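Let me begin by presenting the structure, written as C-alpha cells, before commenting on it.
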Amino acid sequence: MKWKRRGMVFMMNDFKAYLRYYVNSNKRLLVLVFIILFLIMPFLTFNYMGLPHGSYSLDTFYMGFIALGAATCAGGCVLSYLIPIFNFRYLYKKRSHELYFSLPIQRKHLFLYNYISGLLAVLVPLLINYLLGYLVLLGLGYRERLLYMLLPLLFFLGLSVLLLIQYTIFTFLSVKCNNLIDSILVNGAYVVMPFIVILSATIFFSNQITTILGNIGASPSEFINMGMIQMLLSMPSTIYAFLFNTLSAMASEMYRTDNLINVFNWLYFLYWGIIGVLCFWFGWKSFVQRKPEDAEQRTVTLFGFPVIITVITFCMVLLVMNVDGGVVVPSLIILVAYFCMIFFSNRKIQVKKIHVIVFALLYIGTFGFSYMYTQTKGLGMVKEYPSLTEMKRVEIDVRSSYLEDSSAMLFYDAKEKEYYDGYSTVVQDEEGMKFLQSVQKKASELNIEDHFVDEAYYINVYYIKQDNSQVYRSYTLKGNKKNKEYLLKLMEELKHTEKFSVMQH
C-alpha cells in the first residue's frame, strides 16, 4: 500500500510539473481561446439581452440562456475537436515522437497527462466564461424560482459530461492517425459524416415511402425515428438536443425535480458514455503500443479512411438511386470519387480486387435493399392508415380548387342557402375517429396522382397522437359531379360534430 501511495504521489507531482509546462508553453493560445470564448459567451449574452432599462421578466432570462447555451455548445464542440489534434501533434513527426517518448515518464502516464491537460483546456475556459454569462443572466434577468434559476447550472454539468465524451472520441481518433493531415480529415469526417448519412437516409426513405403509398403526404418520421438515429450517430446533435430539451423545460416551466430526468436524456448519456469509455481504453492502448516509425506515415486504422470511404460511397449511391435523372453518369462519377479517395488514403494509385468487390457489394446491396424495402412495404412498417389506439383526435378538412369563379365546384348548403369553399371538423371520440378513417379510405380509392389539375377537391386528414406528434394524409379527387355529391353528403353527416366549421366563399 505504501508503494502504491508513493507511486500516486510521484505521478501527481509529475502531472503538476507537466501541467505547468503545458500552460507556460501554450500561454498565448490559452489566452486567445479565453478571449474568443469571452466574446461569444458572456459578451454575446449581455448584448443579446440588451442594456438594463427596467424590470426584466422570465422571457428575458429565457432568451439570454438561449444565447449563452448555444454559444457554449458551439465553443465546446470546436475546442473538443481541435485540442486533441493539437495535444497529440507530436505523434505525427518522428523527431517529436521520439523526444516525448524518451521523457522519464511512462507511456500510460504520458497519455493521461496529455488527455487531462487537454480536457482542462476545454472545460476550464468554458466554465469561467459560462459563469460570467450566468452572472449576466442573474444581473439582468429573472429572479424568483430557485430551481428554475439553477437549471442553467445543471445544463452546464450535463454539457460537460457530453463534451468529455466527445473530447475522448476525438482523442482516440487523433491517436490512431499517423500524420496531421489525416488527423484533421478523419476527425472532421466523423463530425460531418453523420449528417451526410441522415440526409441520404431521409431522401432514400422519403422516396421509398412515396413509391409505396404514393404522394399522399407521408413522411419518414412516421415510421422511423430519424431524430433518435441522428443522436445515436452524431455527438454534436446530441449536445444540441440536450440544449433544446433544457430550453423546452424552461419554456414549459418544467422546473420540478421529478421532471428533470426528461431533460437529461439518460439513455443517450449512457449510450455515448459506453462509447467514450471504449474510446478512452483503446486510445490509451494504442498510444502505449505506438512505434516511432508510424509517425509521418499514412493512417491505416480501420476507423480511419476505410470506414469513412465506405460510408460516404454508400451515401452517394443512396442519393443517386433517389434523385430524378439518369443513373449511369452519376454512378461513374461515384466510382471515380471512390477510387480517388482510396488513392489518397493509400498515397498511391493502385487498384486492388478488394476495392472493386467492396464497391460492387455496396452498389448491389443498396439496390437490393431498396427493392426489398419497397416489396415488403417498409418491412411491414409503412402503413397508409395509422392505428387509432395511438390517437387522441382526428382532424379533416375538405376544400375545392378551381381556376375560375364557378359555383359548380362550390358546396351549397340548402338550409343556410349559402355557397362554401370547403368545411372542416375535429373529432375525439372513438366512433368519430373510425368514421373519419373510413372517409380517408374512400378518399384513397378516389385519389388521383396529379395534384395540379384545374378543378379538384382536396381532402386532408390529420391524426394527432397522444404525444402531440402528427400523421398527415392528403388526397386529390377529380372535380366531377359524382365526387361533389359524395362530399356534399359527407358535409351533412359531419354537421352534427361539435367543431364543424365552413370556409366562406
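Here the structure is a predicted model, which is why all the values come from computation and not from measurement. Computed from heavy atoms alone, side chains included, the values below leave out hydrogens, waters and symmetry copies.
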Just verifying a value: how many Å separate [X] [atom1] and [Y] [atom2], rounded to the nearest 0.5 Å?
X	Y	atom1	atom2	value
L162	Y240	CG	OH	12.5 Å
T497	L494	OG1	CG	5.5 Å
Q230	L199	CD	CG	10.5 Å
L126	L163	CG	CG	6.5 Å
M381	E222	CE	CD	12.5 Å
L127	L37	CG	CG	11.5 Å

Measure the shortest side-chain to side-chain distance between [X] and [Y] over non-hydrogen atoms and say whether it is less than 4.5 angstrom.
X	Y	answer
L436	V427	yes
K434	E430	yes
N187	S174	yes
Y271	T238	no
T425	E395	no
E493	F435	yes
L335	S331	no
N129	F43	no

Cut-off 3.5 Å, side chains only: do [X] and [Y] have a donor facing an acceptor?
X	Y	result
T210	N215	no
Q440	Y463	yes
S444	E384	yes
Q208	S370	yes
T211	T374	no

What about [X] and [Y], are their ring centers closer than 6.0 Å?
X	Y	value
Y268	F242	no
Y115	F280	yes
F205	Y373	yes
F65	F155	yes

For [X] and [Y], indicate whether the former's side chain and the latter's backbone hold a donor-acceptor pair under 3.5 Å.
X	Y	value
Y462	R393	no
S469	K465	no
Y81	I184	yes
S234	M231	no
N483	L477	no
Y167	I83	no
T476	N447	no
T202	I198	yes
S237	L233	no
Y130	P152	yes

message: Name the residue from V328, I333, I334 that meets the side chain to side chain contact (heavy atoms under 4.5 Å, CB included) definition with V320.
response: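 One option only clears the test, and that one is I334.
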message: For a side-chain contact (heavy atoms from CB on, under 4.5 Å) check, start with the C-alpha distance between F172 and F282, then their side-chain angles and the critical distance, and finish with the verdict.
response: CA-CA 7 Å; F172 165 74; F282 286 108; 3.8 Å; yes
query: Closest heavy-atom contact between P84 and L79?
result: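 Of all heavy-atom pairs spanning P84 and L79, the closest is CD-O, 3.9 Å.
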task: Grab the two heavy atoms, one from S80 and one from C77, that are nearest each other, plus how far apart they are.
output: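 Nearest heavy atoms, S80 then C77: OG-O, 3.0 Å.
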query: Within a reach of under 6.0 Å around NZ of K499, are more than 12 heavy atoms found that belong to other residues, nucleotides or ligands?
result: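 Counting neighbours around NZ of K499, 12 or fewer heavy atoms of other residues, nucleotides or ligands fall under 6.0 Å, so no.
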query: Should the heavy atoms of other residues, nucleotides or ligands under 6.0 Å from CD of E498 be counted, would the total exceed 12?
result: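 Counting neighbours around CD of E498, 12 or fewer heavy atoms of other residues, nucleotides or ligands fall under 6.0 Å, so no.
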message: On the six-membered ring of F303, is K176 placed so that its NZ or CZ lies under 6.0 angstrom from the centre and within 45° of the ring axis?
response: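 No, a cation-pi geometry is absent between K176 and F303.
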side-chain contact (heavy atoms from CB on, under 4.5 Å) between I209 and F223, worked out: CA-CA 9 Å; I209 290 168; F223 315 106; 3.5 Å; yes
- prompt: Where do Y472 and N460 land on the side chain to side chain donor-acceptor pair (under 3.5 Å) test, with the steps shown first?
  reply: CA-CA 7 Å; Y472 169 68; N460 301 308; 3.1 Å; yes
message: What verdict does the salt bridge (Lys or Arg N to Asp or Glu O under 4.0 Å) test give for K495 and E492, after you've listed the backbone C-alpha separation in whole Å, the side-chain angles of each residue and the deciding distance to 0.1 Å?
response: CA-CA 5 Å; K495 276 185 179 181; E492 293 299 323; 3.2 Å; yes
- request: Starting from the C-alpha separation in whole Å, work towards a yes-or-no answer on side-chain contact (heavy atoms from CB on, under 4.5 Å) for M316 and I196.
  value: CA-CA 9 Å; M316 289 192 293; I196 297 175; over 6 Å; no
- prompt: Residues in ring-ring contact (aromatic ring centres under 6.0 Å, His included) with Y371, at least two apart?
  reply: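 Here no residue qualifies.
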field: Presence of salt bridge, E455 and K484, under 4.0 angstrom
entry: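 The answer is no: the pair does not qualify as a salt bridge.
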- request: Mind running side-chain contact (heavy atoms from CB on, under 4.5 Å) on I312 and M341 for me, showing each step along the way?
  value: CA-CA 10 Å; I312 291 178; M341 289 188 288; 4.3 Å; yes
